[in-house]
Amino acid sequence: MVYMAPSIHQLQDAWMPELPEVETLRADLDREILGHSFMQAEVIQSRMTRGQGLEEIAHRIRGQVVRAIGRRGKFLLVHLSSEDTLLLHRGMSGNILLELRRDPVKEHQHMSLELDDGRFLTVYDPRGFGEIRVLDPAAVAERLALMGPEPLGPAFSAEYLARRWASRTAPLKTLLLNQSMVAGLGNIYADECLWAAELSPSRPAGAVSLAELATLRHRIQEVLSEAIECRGTTFSDAMDLYGRPGTYQHHLQVFHRAACPRCRGQIQQIRVANRGTSLCPACQR
DNA sequence: CGCGAGACCTGATAGC
DNA sequence: TGCTATCAGGTCTCGC
């Protein structure tokens, strides 16, 4: 069966919360709301709270000062003066926006937090695959316990990948998307990194040499760093804290492209790990 | 335990 | 135009 890639138009209203997009959000929040307090908190829907009560979440946010903003993989962590942490995940379609005034609650709005200067931090997520919870330090640690190393951190090495992937038969891409192997890669950046490393997404992970893993690790760090500099990937809709797009979509080399920029061959669309996958069959082995 | 398929949702689009 | 089928950037769980 042939997997037909959607046209670029089908992606127009999509926004992509992988590591670079969440990191952009973290840095902006750090600049904008660090040291501010939440005067009011309203949690509107229960779909993303994993059973935590709406009023409990609101109560634990209300009156708290923002002590630090962190990120782990695709999780955004707003550390509060109470020692609690507001844990946010954008899922497939979540947007977190800083708004200058109070607007009526919109469709798909999940949360509205009023800051001490009259601005509002709001969360929208049509598909509701994201997560909104307030957790104590032990619960945060438990939630993040299985996450692999940060790809831009010191623990992420070729030797680490070799150890974790030894004798694994799953496709490379499947394990790159597995957050317990490495934290923060999603479908777009997995494809981009594999193209940059000239590795096939369907190669059994255990069959990749240490030298190839070293290249892969290096390319992952390059791709993510450049994407962060570009404030992430956006096709047209709002994406950062201010509703503005990133620019990395102009730097994509393989994801949903027609021709390979390296060899001019045709980009192939297949399915790996049940996900649409773009690759250059000539370059990627 | 590792692996793959399907589920969870809503919205956009292509095709009839 | 209005229906249906298919697709979507992320996890999570289930069965083999």
Side-chain angles (χ1 to χ4, degrees), chain A residues 1-25 45-51 72-76 87-96 106-110 123-133 142-148 164-193 201-207 223-224 227 230-240 245-246 248-249 252 254-257 269-278:
Chain A
M1 187 154 68
V2 178
Y3 165 70
M4 295 301 291
S7 72
I8 204 73
H9 300 290
Q10 281 177 287
L11 301 171
Q12 283 223 334
D13 281 327
W15 44 95
M16 277 103 301
E18 301 180 33
L19 186 150
E21 292 71 35
V22 183
E23 176 58 25
T24 299
L25 204 53
Q45 303 191 33
S46 58
R47 269 199 296 162
M48 308 201 321
T49 68
R50 309 247 174 145
R72 184 77 173 90
K74 301 170 193 170
F75 286 95
L76 187 68
L87 178 147
L88 298 171
H89 194 294
R90 300 172 65 185
M92 289 268 261
S93 56
N95 263 329
I96 298 170
K106 298 186 193 72
E107 200 184 8
H108 308 310
Q109 186 169 353
H110 290 254
V123 176
Y124 301 87
D125 190 344
R127 296 176 75 176
F129 289 176
E131 186 169 342
I132 299 176
R133 288 198 287 171
E142 189 186 348
R143 181 73 184 89
L144 304 178
L146 296 180
M147 301 211 70
R164 293 294 307 270
W165 292 355
S167 75
R168 298 287 297 253
T169 59
L172 256 183
K173 177 167 174 177
T174 301
L175 296 191
L176 281 182
L177 292 175
N178 183 332
Q179 302 295 297
S180 77
M181 297 294 167
V182 52
L185 287 180
N187 205 39
I188 293 179
Y189 294 113
D191 281 4
E192 290 295 316
C193 294
S202 22
R203 174 103 78 92
V223 165
L224 292 179
C230 290
R231 302 179 56 80
T233 302
T234 313
F235 285 109
S236 84
D237 212 330
M239 87 136 315
D240 71 7
Y248 195 72
Q249 62 276 17
L252 294 173
V254 66
F255 185 79
H256 286 285
R257 299 222 12 191
Q269 308 291 334
I270 62 172
R271 279 193 96 80
V272 178
N274 253 336
R275 315 292 300 276
T277 297
S278 306

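Note on naming: letters A, B, ... go to the chains in the order of the sequence lines (proteins, then strands), and numbering restarts at 1 for each one.
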Distance (rounded to the nearest 0.5 Å) between [X] [atom1] and [Y] [atom2]:
X        : Y        : atom1 : atom2 : value
A/Arg47  : A/His108 : CZ    : NE2   : 7.5 Å
A/His256 : A/Ile188 : NE2   : CD1   : 7.5 Å
A/Leu19  : A/Leu224 : CG    : CG    : 5.5 Å
A/Asn187 : A/Met92  : CG    : CE    : 8.5 Å
A/Asn178 : A/Arg164 : CG    : CZ    : 7.5 Å

For [X] versus [Y], what's the shortest heavy-atom pair and its separation?
X        : Y        : value
A/Arg271 : A/Asn274 : NH2-O, 2.7 Å
A/Phe255 : A/Glu192 : N-OE2, 2.8 Å
A/Met48  : A/Asp125 : SD-OD2, 3.3 Å
A/Ala183 : A/Gly148 : CB-O, 3.5 Å
A/Arg231 : A/Thr24  : CA-OG1, 3.4 Å
A/Thr49  : A/Gln45  : CG2-O, 3.9 Å

Find the distance [X]:[atom1] to [N]:[atom2] and express it as a whole number of Å.
X        : N      : atom1 : atom2 : result
A/Met48  : C/dT11 : CE    : P     : 13 Å
A/Arg72  : C/dG10 : CZ    : P     : 17 Å
A/Arg127 : C/dG10 : CZ    : P     : 10 Å
A/Leu19  : C/dT11 : CG    : P     : 11 Å
A/Arg271 : B/dG6  : CZ    : P     : 11 Å
A/Met92  : B/dT10 : CE    : P     : 14 Å
A/Leu146 : C/dT11 : CG    : P     : 13 Å
A/Tyr124 : B/dG11 : OH    : P     : 15 Å

Can a side-chain donor-acceptor contact be found between A/Glu21 and A/Tyr248 if the only test is distance below 3.5 angstrom?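 Result is no, nothing qualifies.
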
[M] and [N], which share atom name [atom1], separated by this distance in whole Å:
N     : M     : atom1 : result
C/dC3 : B/dC9 : P     : 24 Å
C/dA5 : B/dA7 : P     : 15 Å
B/dG6 : C/dT6 : P     : 13 Å

Name the pairs: protein N/O against N/O of nucleotides 12-16 of chain C, kept only if under 3.5 Å.
unit_1 : atom_1 : unit_2   : atom_2 : d
C/dC12 : OP1    : A/Arg50  : NH1    : 3.3
C/dC12 : OP1    : A/Arg50  : NH2    : 2.9
C/dC12 : OP1    : A/Arg143 : NH2    : 2.5

For DNA chain C, which residues in residues 165-179 of chain A have a heavy atom at a distance below 4.0 Å?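 Within this stretch, A/Gln179 sit under 4.0 Å of the strand.
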
Answer yes or no: does a side-chain N or O of A/Arg275 lie under 4.0 Å from OP1 or OP2 of C/dG9?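 Looking at the OP1 and OP2 atoms of C/dG9, one of them is under 4.0 Å from a side-chain N or O of A/Arg275.
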
Check whether any side-chain N or O of A/His108 sits under 4.0 Å from OP1 or OP2 of B/dG11, and answer yes or no.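 True: A/His108 side-chain N/O within range (under 4.0 Å) of B/dG11 OP1/OP2.
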
By the 4.0 Å heavy-atom rule, please label [X] as base, sugar-phosphate, or nothing.
X        : answer
A/Gly128 : nothing
A/Glu107 : sugar-phosphate
A/Asn187 : sugar-phosphate

Tell me, what's DNA chain C's dot-bracket, Watson-Crick or G-U with both distances under 3.5 Å, | for other-strand, [ ] crossing? .|||||||.|||||||

Flag side-chain contact, heavy atom, 4.5 Å: A/Lys74 against A/Arg90: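 A side-chain contact under 4.5 Å is absent here.
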
Candidate nucleotides B/dA5, B/dT10, C/dG9, ranked by approach to the side chain of A/Arg47 - the nearest: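 Closest of the options to the side chain of A/Arg47: B/dT10.
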
Measure the distance between the ring centre of A/Phe129 and the centre of the six-membered base ring of B/dC8, then answer whether it is under 5.5 Å with planes under 30°.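 Yes; by the centre-distance and plane-angle rule, A/Phe129 counts as stacking on B/dC8.
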
